[in-house]
Every structure is written in structure tokens, then in C-alpha cells.
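Structure record follows, encoded as C-alpha cells.
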Amino acid sequence: MGDSSGSVSVDVERIFFGGKEHRVRTRHGSLSVSVYGDEDKPALVTYPDVALNHMSCFQGLFFCPEAASLLLHSFCVYHITPQGHELGAAPISADVPVPSVDDLADQVADVLDFFSLGSVMCLGVTAGAYVLTLFATKYRERVLGLMLVSPVCKAPSWSEWLYNKVLSNLLYYYGTRGLVKESLLQRYFSMDVRGNGQDPESEIVQACRSLLDERQGANVWRFLQAISRRHDLTESLKKLKCRTLIFVGENSQFHADAVHMTIKLDRRYCALVEVQACGSLVTEEQPHAMVIPMEYFLMGYGLYRPSQQESSPRSTLSPFCISPELLSPESMGVKLKPIKTRISLNV
């Protein structure tokens with residue numbers, strides 16, 4: 001058989017680039033949805049952050065062999081791309097109304113209806129995490145669980161509102177260039193990988209920088225406008241009964257928001273994993289840090305990674321780094337408790 005991790009990597013590459021692209025007509029415009037895997041398996045729905053699509057937001061996670069073997073073995077993956085964020089997208093007409101966040105959540109429901117999906121697992125990053133959380137509060141019976149990366153659930157603070165206002169103006173007139181691009185990269189990544197005068201920019205940042213060049217500024221502006229007008233979900237979180245696993249980089253701009261959300265969720269069903277020396281986009285910057293927490297989280301649903309006899313040597317987390325509460329039989333997806341997990345980069 002040779003190197004098993006290598007064979008998984010090849011398969012993942014084939015699957016990741018060989019997905020089926022669908023145009024789904026919703027109540028609030030059409031969306032691009034990329035489907036990967038066996039459609040007879042349970043559904044995992046993903047939603048990316050502002051200015052990203054599934055290639056720039058989730059490629060690192062799905063190219064991590066351990067994560068891919070867990071997720072693609074267990075799920076059929078439905079990557080929802082925000083309107084106008086797909087490759088080669090044309091600018092959306094100025095005559096088309098900017099959607100509200102409720103419109104975006106309703107679009108997710110329409111996607112599920114299009115594919116005749118019942119209850120799904122959700123994976124979202126920051127703005128995408130907000131959309132999927134809102135979807136879960138509006139359509140509670142359709143969400144089995146939430147895996148959220150650097151999520152937000154409150155309305156924007158005055159400082160975020162002002163920051164987004166300036167960014168929106170720059171996007172509207174200049175597109176995803178110059179200062180806008182640098183601001184977005186700061187939103188996603190920690191300084192460690194963005195580089196400085198001494199250390200070069202990492203490959204993942206360079207790749208993201210290149211992909212941002214392909215975004216239409218007007219389309220990103222629309223999504224940012226919707227997210228900037230979001231409402232507070234704090235009270236609605238108390239009604240959620242689905243299990244929730246939250247990841248956040250300790251250097252994320254949204255660290256405080258993720259902690260706030262964890263506190264407000266029902267502690268019987270929620271766990272927090274803090275990733276050391278990482279920004280908001282954990283799926284790209286440190287995807288290996290997500291593997292073991294996801295494994296234990298999904299055990300509660302009867303889902304396992306194939307050939308899972310021992311921890312992967314490539315994972316930057318080991319079971320001994322994780323709070324005992326998450327590893328106890330009682331809490332394997334049944335009663336997850338808030339935890340803080342730090343990882344060592346000296347591996």
C-alpha cells in the first residue's frame with residue numbers, strides 16, 4: 001500500500017477538485033454550491049468568511065489527511081459559496097438588493113431543500129459561522145451540530161462598525177486591492193504567518209493573497225454590508241440544543257466574541273478549543289489543530305475516522321492536551337463542556 005497518508009492526500013486532491021458544481025436558485029438569488037463525496041452519506045454544510053470561498057477557506061482543512069479521512073469518510077460535503085464569490089464571478093448588478101443576514105440564513109434552508117436534505121452538520125468561519133448559527137436558531141430541527149471557527153454572534157461594536165464602514169467604502173471604489181487586501185489578510189491570519197521585515201510571508205498567506213485578486217470588490221462589499229448589519233443572537237443561543245464545537249485562534253480579532261458565544265451557549269452541549277499562535281482562519285493556518293477535537297466531537301454522532309487506532313503523528317494536538325471533560329465518556333458529544341486547549345508549535 002505504501003505511505004497511507006500520501007494515498008489519502010492524492011484521493012483528497014482528486015475529490016476536492018472533482019466536486020460537482022450546482023447553481024441553486026433561492027428566494028434571494030442563486031448560489032453556487034460545490035458537492036464532494038457520496039450523496040448517500042450525512043450532509044456537512046460549510047460557509048466561508050467574507051471575501052473567501054471554499055477553496056480559500058477550507059482547502060487547508062481538507063488537504064490535511066487526518067481531517068479529510070474523518071470528514072470525507074463520514075459526510076457528503078456541501079460547500080456554499082456566498083453570492084458572487086465563486087471563481088470567475090461577474091459583478092452583481094447594483095440594482096439587486098443587498099441581502100440581510102436573515103436572507104442569507106434562508107438561502108441555506110433553500111439549499112437544503114434543493115438537495116432534499118433533512119438535518120445537517122454545519123461548519124462555518126466567522127461571518128459564515130454567524131450565518132450558520134442564525135440558520136440553526138431559525139431552523140433548529142435541521143441542524144444536528146455546529147462546528148464554528150472564530151465565530152461572532154453579537155451585533156457589531158461601534159469600532160467594528162466604523163472599521164467595516166471604511167473597508168466597505170474602499171471595497172466599493174477600489175476592489176480587493178492594496179489596503180483592503182492587507183486588512184482582510186489581517187482579519188484571517190496571525191502576524192506569525194503574515195511575515196514581517198525579518199520573516200517572509202507564508203505560502204498560505206501568499207495563496208490567499210492571490211485568490212483575493214480574483215474577487216469582485218462589489219460582490220465582497222455586498223456580503224460585508226450584510227454582515228455589518230447583523231443582529232445580536234445572544235438570546236437566541238439559549239434555545240439551541242444542538243451540540244457545538246468552537247475553535248478560535250488566540251490571536252484572532254474575534255477571540256472575545258468566540259468566548260462570549262461559548263459562555264452564552266448551553267454548557268452541556270458546547271466546547272471551546274483555543275489554538276495558540278493562530279489567527280481567525282484556523283482551517284488554513286493550523287488545520288491539524290482541529291483534528292482530534294473534531295474526532296471526539298463526532299464520536300457522539302457515531303462517526304469515526306477509518307483506521308483510527310492511535311493519534312496521528314502529524315496532528316499538533318494529542319489527547320493529553322485536551323481537557324479531561326471533553327474526553328470523558330459522558331461528554332463525548334453528549335455533554336460537552338467549555339474548555340481551553342493550547343497547542344505547542346514545537347513538534
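On a predicted model such as this, the values are computed, not experimentally measured, just so you know.
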[X] side chain to [Y] main-chain N or O, any donor-acceptor pair under 3.5 Å?
X: Thr126; Y: Ser150; answer: yes
X: Glu250; Y: Gly279; answer: no
X: Asp106; Y: Ala109; answer: no
X: Arg243; Y: Gly300; answer: yes
X: Ser202; Y: Val193; answer: yes
X: Ser228; Y: Leu224; answer: yes
X: Glu284; Y: Gly60; answer: yes
X: Glu21; Y: Ser32; answer: no
X: Asp257; Y: Pro151; answer: no
X: Lys41; Y: His73; answer: yes

Are side-chain N/O atoms of [X] and [Y] paired as donor and acceptor at under 3.5 Å?
X: Ser280; Y: Gln253; answer: no
X: Glu86; Y: Thr81; answer: no
X: Tyr78; Y: His22; answer: no

Heavy-atom pair with the smallest gap, counting every atom of [X] and [Y]:
X: Ala258; Y: Ile246; answer: CB-CG2, 4.2 Å
X: Ser74; Y: Pro42; answer: O-CD, 3.3 Å
X: Ala226; Y: Val98; answer: N-CG1, 4.3 Å
X: Gln107; Y: Gly29; answer: NE2-O, 4.0 Å

*Would you check, one step at a time, whether the test side-chain contact (heavy atoms from CB on, under 4.5 Å) holds for Arg25 with Phe114?*
CA-CA 8 Å; Arg25 187 171 298 176; Phe114 178 87; over 6 Å; no
Compare all side-chain heavy atoms of [X] with those of [Y] and state whether any distance is below 4.5 angstrom.
X: Tyr139; Y: Val143; value: no
X: Arg267; Y: Ile263; value: yes
X: Leu104; Y: His28; value: no
X: Gln286; Y: Phe247; value: no
X: Ile80; Y: Leu31; value: yes
X: Cys57; Y: Leu281; value: yes
X: Leu167; Y: Val180; value: yes
X: Met191; Y: Asn251; value: no

Report the distance from atom [atom1] of [X] to atom [atom2] of [Y], rounding to the nearest 0.5 Å.
X: Leu245; Y: Leu272; atom1: CG; atom2: CG; value: 9.0 Å
X: Glu66; Y: Ser69; atom1: CD; atom2: OG; value: 6.5 Å
X: Leu71; Y: Cys76; atom1: CG; atom2: SG; value: 12.0 Å
X: Thr244; Y: Leu146; atom1: OG1; atom2: CG; value: 4.5 Å
X: Thr176; Y: Leu170; atom1: OG1; atom2: CG; value: 12.0 Å
X: Glu285; Y: Leu61; atom1: CD; atom2: CG; value: 14.0 Å

May I ask whether [X] and [Y] are part of the same hydrophobic cluster, defined by side-chain heavy atoms of I, L, V, M, F, W, Y residues being less than 4.5 angstrom apart, directly or through others?
X: Val131; Y: Val24; answer: yes
X: Leu212; Y: Leu179; answer: yes
X: Phe115; Y: Leu72; answer: yes
X: Leu87; Y: Val77; answer: no
X: Leu123; Y: Leu117; answer: yes

*Partners meeting side chain to side chain contact (heavy atoms under 4.5 Å, CB included) with Lys264 (sequence neighbours left out)*: Thr234, Leu237, His260
Taking atom [atom1] of [X] as the centre, report whether more than 12 heavy atoms of other residues, nucleotides or ligands fall under 6.0 Å from it.
X: Arg140; atom1: CZ; answer: no
X: Arg23; atom1: CZ; answer: yes
X: Glu203; atom1: CD; answer: no

*Leu70/Leu298 under side-chain contact (heavy atoms from CB on, under 4.5 Å): CA gap, chis, key distance, verdict*: CA-CA 9 Å; Leu70 172 65; Leu298 295 177; 3.9 Å; yes
*Check Arg230, Arg229, Lys154 against Glu160 for a salt bridge (Lys or Arg N to Asp or Glu O under 4.0 Å) and give me the one that passes.*
Arg230
*Scan residues 165-189 for pairs that pass ring-ring contact (aromatic ring centres under 6.0 Å, His included), counting only residues two or more places apart or in two chains.*
Tyr172-Trp221
*Mind checking who shares a hydrophobic cluster with Leu162, ILVMFWY linked at side-chain heavy-atom distances under 4.5 Å?*
Trp158, Trp161
*Would you list the pairs meeting side-chain hydrogen bond (donor to acceptor under 3.5 Å, both in side chains) in which at least one residue belongs to residues 205-220, sequence neighbours left out?*
Lys181-Asp213, Glu182-Arg209, Glu201-Arg209
*Which pairs with one or both residues in residues 110-125 pass side-chain hydrogen bond (donor to acceptor under 3.5 Å, both in side chains), sequence neighbours excluded?*
Arg27-Asp110, Asp113-Arg142
*Decide, yes or no, whether a salt bridge links Lys241 with Asp266 under the criterion of side-chain N to carboxylate O below 4.0 Å.*
yes
*asked:* What verdict does the ring-ring contact (aromatic ring centres under 6.0 Å, His included) test give for Phe62 and His54, after you've listed the backbone C-alpha separation in whole Å, the side-chain angles of each residue and the deciding distance to 0.1 Å?
replied: CA-CA 10 Å; Phe62 281 88; His54 73 279; 8.9 Å; no
*Would you please name every residue forming a salt bridge (charged side-chain N to carboxylate O under 4.0 Å, His left out) with Asp102, sequence neighbours left out?*
Lys138
*Starting from the C-alpha separation in whole Å, work towards a yes-or-no answer on side-chain contact (heavy atoms from CB on, under 4.5 Å) for Lys238 and Leu265.*
CA-CA 6 Å; Lys238 299 175 182 178; Leu265 282 163; over 6 Å; no
*Using the ring of each side chain (for Trp, its six-membered ring), is Phe223 parallel, tilted or perpendicular to Tyr47, with breaks at 30° and 60°?*
tilted
_Is there a side-chain contact (heavy atoms from CB on, under 4.5 Å) between Val33 and His79? Walk through the geometry before answering._
CA-CA 5 Å; Val33 181; His79 292 296; 5.9 Å; no
